[in-house]
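Before any comments, here is the structure.
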Amino acid sequence: MWIMVLFDLPTETKQDRKNYTEFRKKMMKDGFTMFQFSAYLRHCPSQENAEVHIKRIKKNLPPRGHVGILRITDKQFGMMQIYYGKEEKEKPPIPQQLELF
């Protein structure tokens, strides 16, 4: 399962820019990687793990701005087509999950 966080945060004042930077840094510290400038992505091995990361995002929400959180299954993510200009690029690899039994 993948979590995609899409946001549009104000950057008009010094405090807004500080809130933007803190929100972005906390997401990256939590394992999210930049997919686009205002879209970050993270793989989660289970629904429960996704809930943990979504709770962290909610805890770190900035006081102003628009934030969307989207859950995508591995199958849905695999069907995504990614382009840079007219050239199609590979998607980030899905991390391996360990099976104990």
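A quick note: this is a predicted structure, and the numbers were derived from the prediction, not measured.
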| request: State plainly whether one hydrophobic cluster holds both M4 and F37, where clusters connect Ile, Leu, Val, Met, Phe, Trp and Tyr through side-chain heavy atoms under 4.5 angstrom apart. | output: no
| query | Distance-only, no hydrogens or angles: does the D74 side chain make a donor-acceptor pair with backbone N or O of M1 under 3.5 Å? | reply | yes
| query | So, do F77 and M79 sit near enough that their side-chain heavy atoms are less than 4.5 Å apart? | reply | no
| field | Shortest non-hydrogen separation from G65 to P10 and the atoms involved | value | CA-CD, 3.7 Å
| remark: Correct closest heavy-atom pair for C44 and A50 would be SG-CA, 3.7 Å
| field | Atom pair NE2/CG of H66 and L9 - distance to nearest 0.5 Å | value | 10.0 Å
| query | Taking atom types as modelled and ignoring hydrogens, do the side chains of S46 and N49 form a donor-acceptor contact shorter than 3.5 angstrom? | reply | no
| task | Taking the side chain as every heavy atom from C-beta outward, state whether L6 and V67 have any atom pair closer than 4.5 Å. | result | no
| Presence of salt bridge, K29 and E22, under 4.0 angstrom | no
| said: Applying a strict under-4.5 Å side-chain criterion to I, L, V, M, F, W and Y, I'd like to know whether L41 and V52 cluster together. | reply: no
| When rounded to the nearest 0.5 angstrom, what distance separates CD1 in I54 from CD1 in I3? | 4.5 Å
| What distance separates M27 CE from H53 NE2, expressed to the nearest 0.5 Å? | 13.0 Å
| query | How far does CZ of R42 sit from CE of M28, to the nearest 0.5 angstrom? | reply | 13.0 Å
| task | Please confirm whether the backbone N or O of T11 pairs with a side-chain atom of R17, one donor and one acceptor, at under 3.5 Å? | result | yes
| message | Return the NZ to CG distance between K25 and D30, rounded to the nearest 0.5 Å. | response | 16.0 Å
| Any K14 side-chain heavy atom under 4.5 Å of D16 side chain | no
| Mind checking whether Q76 and T73 have side chains closer than 4.5 Å, heavy atoms only? | yes
| query | With Y40, which of F35, W2, F7 fulfils ring-ring contact (aromatic ring centres under 6.0 Å, His included)? | reply | F7
| Where is the tightest heavy-atom contact between I57 and F32, given as atom of each residue plus distance? | CD1-CZ, 3.5 Å
| note | Rounded to the nearest 0.5 angstrom, the CD-OH distance for Q15 and Y20 is 15.5 Å
| said: If the threshold is 4.0 Å, N to carboxylate O, is there a salt bridge linking R56 and E51? | reply: no
